[in-house]
Structures are given as structure tokens and as C-alpha cells.
Amino acid sequence: MKQVEECDKVLERLFEEAEIAKFTTQEIREYETNKMAYRDIKTSIDTAKREGRIEANIETAQRLLAMGLPAEQVAKATQLPLDKVQNLSN
């Protein structure tokens, strides 16, 4: 089943490449511009998600520290660097 899915992805990519090969010079420029814009937007969204997770982990760390858990355990539980957790407890 997995091999079939992988094969389908390869074929899909080949068909996409074949379509792109037929593009005019102007269409290629537009395609590349759109691809760069897509990547920029995706990177921005991924960064925002990552920063949101970090902020959520910081909030969790603060709550755990307030409950009296040691900084080392909080760092392990939240996957935050120990020095960052220690700074939160100060």
C-alpha cells in the first residue's frame, strides 16, 4: 500500500514537471514568482506556529514552577532549555 502511494506521488510529480515544461517564458516567471511567494508564506506560518508552541511551553513551565517542581523536571517536561526555565523561576 505504501509503495503504491509513493509511486502515485512520483507519477504526480512527473506529470507536474511535464506540464511545467510546456510553459512559456512568461508562465515560467509567474510560476517561479508564485512558488517563492508560497514558500515565504509557508515559512511565516511555520515560524508563527513554532513561536506559539514555545510561548505555550513557557506558560506551562511557569505553572509547573509555581507548583514547586524542580527546574530540571520542568525543562524536561516542556523541552525548554534549562537556563531558560531557571530564568523563569527568578
Side-chain angles (χ1 to χ4, degrees):
M1 185 74 170
K2 188 173 183 176
Q3 287 179 333
V4 172
E5 290 173 6
E6 289 176 12
C7 185
D8 286 347
K9 286 180 185 179
V10 169
L11 288 174
E12 193 173 303
R13 177 72 180 171
L14 287 172
F15 284 121
E16 183 179 310
E17 291 292 329
E19 286 298 314
I20 293 169
K22 296 179 198 175
F23 284 0
T24 65
T25 303
Q26 179 63 30
E27 288 172 326
I28 290 172
R29 278 192 213 112
E30 290 173 5
Y31 172 78
E32 292 298 327
T33 300
N34 288 336
K35 190 165 65 171
M36 285 189 294
Y38 168 79
R39 287 179 179 159
D40 288 346
I41 291 168
K42 183 171 181 348
T43 299
S44 295
I45 290 170
D46 291 346
T47 299
K49 285 180 181 177
R50 189 171 37 259
E51 289 173 358
R53 282 193 302 272
I54 291 170
E55 186 61 35
N57 285 350
I58 290 171
E59 291 172 6
T60 300
Q62 290 170 326
R63 286 193 299 276
L64 293 172
L65 289 167
M67 294 169 60
L69 269 72
E72 292 80 11
Q73 286 182 336
V74 173
K76 189 172 183 177
T78 60
Q79 297 181 343
L80 292 171
L82 179 58
D83 62 327
K84 185 163 189 85
V85 173
Q86 288 170 332
N87 287 339
L88 293 173
S89 62
N90 295 334

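Everything quoted here is computed from the prediction, not taken from an experiment.
In the hydrophobic clustering, where aliphatic and aromatic side chains (Ile, Leu, Val, Met, Phe, Trp, Tyr) are joined below 4.5 Å either directly or transitively, Leu69 groups with Ile54, Ile58, Leu64, Leu65, Met67, Val74, Leu80, Val85, Leu88. Think of Phe23 as one node in a network of Ile, Leu, Val, Met, Phe, Trp and Tyr side chains linked at under 4.5 Å; its network also takes in Ile20, Ile28, Tyr31.
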- Apply side-chain contact (heavy atoms from CB on, under 4.5 Å) to the pair Val10 and Glu6, showing each step before the final yes or no. CA-CA 6 Å; Val10 169; Glu6 289 176 12; 5.6 Å; no
- Task: Test side-chain contact (heavy atoms from CB on, under 4.5 Å) on Glu17 and Leu14 and set out the steps.
- Result: CA-CA 5 Å; Glu17 291 292 329; Leu14 287 172; 5.5 Å; no
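For the side-chain hydrogen bond (donor to acceptor under 3.5 Å, both in side chains) test, residues two or more places apart in sequence or in another chain that qualify with Lys42 are Asp46. The salt bridge (Lys or Arg N to Asp or Glu O under 4.0 Å) search around Glu30 returns none, not counting sequence neighbours.
Side chains of Arg13 and Lys9 form no contact here, defined as non-hydrogen atoms less than 4.5 Å apart. Within the 4.5 Å cutoff, the side chain of Arg29 has heavy atoms near those of the Thr25 side chain.
Here Leu11 contributes atom CG and Glu16 contributes atom CD; the two are 12.5 Å apart, rounded to the nearest 0.5 Å. Atom-to-atom distance recorded for Lys49:NZ and Arg53:CZ is 8.0 Å, nearest 0.5 angstrom. Note that the CD atom of Glu12 and the CD atom of Glu5 stand 12.0 Å from one another [nearest 0.5 Å].
At least one donor-acceptor pair under 3.5 Å links the side chain of Glu27 to the backbone N or O of Thr24.
Applying the side chain to side chain donor-acceptor pair (under 3.5 Å) test to residues at least two apart or on different chains, none of the pairs has a partner in residues 68-78. Under the side chain to side chain donor-acceptor pair (under 3.5 Å) criterion, the residue pairs touching residues 60-70 are Thr60-Arg63, with sequence neighbours excluded.
Remark: Gln79 CD is loosely packed, at most 12 non-hydrogen atoms of other residues, nucleotides or ligands lying under 6.0 Å away.
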